[in-house]
Amino acid sequence: TVLRGNERLVQSGFKPRRYELWSRVFRNVRPGATVTIPAGRAIRVDVRSIPRLSGLRVDGLLYFPENSNVNLVVRTGYVLVRGFLRVGSLSRGMLGRSAVTFELLNGRSLIVPTGGLRPLSNQGPAVRNIIFGTRAFAVAGGRVELAGLGNQCSQQMGTVLERSVSRGAIRIRVNTRTARCWRPGMEIGIAPSTTNFKEAERRIIRRIRGQEITLDRTLQHLHLGKNHRKVVGGKLVELAAEVILLSRSIKITSDSSNDEQGAHFMIAHTGSQQVVQGVEFRRTGQRGTLGRYPLHAHFCGDGRYFSFT
């Protein structure tokens, strides 16, 4: 169902001709306020900082652009999406130094009335209220597009070394498609080529030229590439070390110092398209509380329109 007032946004494919600017609409917002994006309105975030909020409710369209070149932290008691929240671009992801972190704060429990909604799976009784609890990033009837990496790069979060590198090396080679999707400043992890897990190494990308990646400092261990193979059980096995992307331009985290009582992301009773790709979940999940998982789709039908990468 479409939230009343959003009909024109839906007809435009959530691509309005004109955005209002956050800096104008919410220029007088004070710390501790609850901000609501009204249904039928499209707002683009164009600021370098946002005051600490009690809550952020999206009934219309809220857009964090992919080319802001700002590392923005949104500190709020909850995020409730009943309209459309777009962060980044599905085609391009987040560009340059653009990054958005949603830091969920401890506060009052989020309860969303539904008016007797029945589960999409047709199992169970009608639901009058959805209780999201504390530190919730909640989607109830709305839609999210969290695109830390664009569609072309969403499958390039990991690869293997094209060539072996010895101790003291400061350059590695990966496949061309992966090299095109990664950029300087990103953090990567290189898996060990022995049974010693302590030989895994983390490095920052300093420069990329073709398939060659220059690291911020030399490697301390040998890592095998595609040119090393071994016969195991009668089969030729490739021993190349995996290289994975650790950096994410979109993060969901919490203010909790207790890793077992963090934030949680929940889509409830909603069957519309949802996209979560290239997102980091840190200090999420609430141990001992049913339904408070880092990423949770609750009574959303068969989830055929969901994309989690």
Side-chain angles (χ1 to χ4, degrees), residues 48-49 66-73 87-88 92-103 146-150 152-230 237-255 257 259 262 277-284 294 309:
R48 304 187 70 87
S49 64
E66 64 274 13
N67 55 358
S68 67
N69 272 326
V70 173
N71 189 346
L72 183 64
V73 180
V87 184
R92 300 191 296 172
M94 297 289 280
L95 304 177
R97 298 181 180 178
S98 306
V100 179
T101 298
F102 295 95
E103 182 177 312
L146 307 181
L149 289 172
Q152 293 183 349
C153 292
S154 63
Q155 303 300 321
Q156 302 301 319
M157 295 184 187
T159 184
V160 296
L161 288 175
E162 293 291 309
R163 297 179 183 175
S164 298
V165 289
S166 58
R167 178 179 179 179
I170 199 169
R171 297 180 180 87
I172 63 173
R173 290 180 69 87
V174 297
N175 71 71
T176 303
R177 291 186 63 185
T178 299
R180 287 175 178 171
C181 287
W182 294 0
R183 58 181 181 267
M186 286 182 165
E187 184 180 24
I188 60 174
I190 305 175
S193 288
T194 69
T195 56
N196 185 357
F197 70 90
K198 293 183 179 180
E199 293 187 3
E201 304 189 65
R202 300 167 74 129
R203 294 292 185 270
I204 303 297
I205 297 174
R206 285 292 178 232
R207 184 172 63 251
I208 300 176
R209 182 173 296 172
Q211 293 179 267
E212 186 178 82
I213 294 177
T214 302
L215 308 175
D216 63 325
R217 52 195 174 93
T218 58
L219 296 171
Q220 299 300 306
H221 305 284
L222 167 72
H223 299 275
L224 299 179
K226 282 186 175 181
N227 53 324
H228 278 268
R229 295 177 174 85
K230 183 178 181 180
V237 179
E238 186 178 273
L239 301 179
E242 292 90 351
V243 186
I244 60 172
L245 180 65
L246 299 176
S247 294
R248 298 290 184 268
S249 298
I250 303 173
K251 301 178 183 179
I252 296 175
T253 184
S254 77
D255 65 334
S257 58
D259 288 341
Q277 62 188 34
V279 179
E280 175 180 337
F281 292 82
R282 183 181 293 269
R283 296 201 299 272
T284 52
T309 308

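For reference, positions follow the sequence shown, starting with 1. This one's a predicted model, so the numbers in the text were calculated from it and none came from an experiment. Note: hydrogens, waters and symmetry copies are ignored here, and every other heavy atom, side chains too, is used.
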Taking [X] for the side chain and [Y] for the main chain, is one N or O donor matched with an acceptor at less than 3.5 Å?
| X | Y | result |
| --- | --- | --- |
| Ser254 | Arg283 | yes |
| Asn69 | Arg97 | yes |
| Ser193 | Ala241 | no |
| Ser164 | Leu224 | no |
| Gln211 | Val174 | yes |
| Glu66 | Leu95 | no |

Picking from Ile213, Asn175, Ile188, what satisfies side chain to side chain contact (heavy atoms under 4.5 Å, CB included) with Val243?
Ile188
To the closest 0.5 Å, what do you measure between [atom1] ([X]) and [atom2] ([Y])?
| X | Y | atom1 | atom2 | answer |
| --- | --- | --- | --- | --- |
| Ile252 | Arg282 | CD1 | CZ | 13.0 Å |
| Leu219 | Arg171 | CG | CZ | 12.0 Å |
| Leu239 | Lys230 | CG | NZ | 7.0 Å |
| Leu72 | Thr101 | CG | OG1 | 8.0 Å |
| Glu280 | Arg248 | CD | CZ | 7.5 Å |
| Arg202 | Asp216 | CZ | CG | 11.5 Å |

Of Arg217, Gln220, His223, the one forming a side-chain hydrogen bond (donor to acceptor under 3.5 Å, both in side chains) with Glu201 is His223
Restricting to non-hydrogen atoms, name the atom on [X] and the atom on [Y] that form the minimum distance, rounded to 0.1 Å.
| X | Y | result |
| --- | --- | --- |
| Ser68 | Ser98 | N-OG, 3.1 Å |
| Ala240 | Leu161 | CB-O, 3.9 Å |
| Lys198 | His221 | O-NE2, 4.3 Å |
| Ile244 | Trp182 | C-CH2, 4.3 Å |
| Gly185 | Ser247 | O-OG, 4.5 Å |
| Val70 | Arg48 | CG2-NH1, 3.6 Å |

Give a yes or no on whether [X] atom [atom1] has more than 12 heavy-atom contacts from other residues, nucleotides or ligands under 6.0 Å away.
| X | atom1 | result |
| --- | --- | --- |
| Arg177 | CZ | no |
| Arg163 | CZ | no |
| Arg206 | CZ | yes |

Which is it for Ile172 and Arg203 under the side-chain contact (heavy atoms from CB on, under 4.5 Å) test, yes or no, and what are the steps along the way?
CA-CA 11 Å; Ile172 63 173; Arg203 294 292 185 270; over 6 Å; no
We want to know whether Thr178 and Gln156 form a side-chain donor-acceptor pair, criterion being a heavy-atom distance below 3.5 angstrom.
yes
Please tell me if the side chains of Val87 and Met94 come closer than 4.5 Å, counting only heavy atoms from C-beta onward.
yes
